[in-house]
Participant: 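Pasting in a structure now, in structure tokens, and then I'll have a few things to ask.
Values below: all heavy atoms of this structure, side chains included; hydrogens, waters and symmetry mates excluded. Atoms within a ligand are numbered from 1 in the order they appear, just like the ligands themselves. FYI, the numbering just counts along the sequence from 1.
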Amino acid sequence: MNHMGRRQFFKITGGTLAGSSMALLGIAPEPAQAAVRQYKLAKMKETRSTCPYCSVACGILIYTLGDGAKNAEPSVMHIEGDHDHPVNRGTLCPKGAGLVDFIHSPNRLKQPEYRAPGSDRWEPISWQDAFERIARLMKEDRDENFVRRTEDGKLVNRWITTGMLAASASSNEVGYITHKVIRSLGILPFDNQARV
Ligand code: SF4
């Protein structure tokens, strides 16, 4: 424990007295405190998500400006690593750290596109049209090529003329469901974007 000398004691009590006397005279330090900068993300909406780039699947926090009021366009202003996420504990590699630019890039695809056979151009189509087209082509191919038994009678239930490429940023639950759906259709060629 420190021992306070007589001289130190008068220094401290004198300083405290001077401070409280200034406050009594109306010269309080409030204006200086009020000038402290506001936390820049205080008024933004926080959304938890996953970095879409690679199989590490780091947790991210997305900060959006715009409170849903009329004429207020929500816009992503800032993205940072999620400190509570068990994978990355708040860290991000340079790719993940640049996510906000990816979101606002004019080259970012926001809807499906279709290139007709022989065409040199991609045409935007609706999600509904894309899903219907994928479902129809899958059904046609499966009806034509599904193998229930091999020539020597072995039961295999396999369909190897269509493959599936899954996204690396899927959660465990999405990955589990994707695997179940694909295998239940009999598809064997199944890989993940994380390996590409
Ligand atoms: S921040 Fe980097 S390491 Fe993490 S998921 Fe994104 S690309 Fe992968």
Participant: Any side-chain to backbone donor/acceptor pair from H78 onto T64? Under 3.5 Å, distance only.
Facilitator: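 Side chain of H78 to backbone of T64, a donor-acceptor pair under 3.5 Å: no, none is there.
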Participant: What are the two closest non-hydrogen atoms of N88 and L92, and how far apart are they?
Facilitator: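 Here N88 and L92 meet closest at ND2-CD2, 3.9 Å.
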Participant: Does the side chain of R133 come within less than 4.5 Å of P112's, by heavy atoms?
Facilitator: no
Participant: Is there side-chain contact between T178 and M164, with at least one heavy-atom pair below 4.5 Å?
Facilitator: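 Side-chain contact under 4.5 Å: yes.
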Participant: Could you check whether any side-chain heavy atom of T162 comes within less than 4.5 Å of a side-chain heavy atom of I187, counting everything from C-beta outward?
Facilitator: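 A side-chain contact under 4.5 Å exists here.
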Participant: Are R148 and W159 packed together at the side-chain level, in the sense that at least one heavy-atom pair is separated by less than 4.5 angstrom?
Facilitator: no
Participant: Below the 2.8 Å mark, what number of protein N, O or S atoms do you get around atom 6 (Fe) of ligand 1?
Facilitator: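 Step by step: take atom 6 (Fe) of ligand 1, keep protein N, O, S below 2.8 Å, and you get 1.
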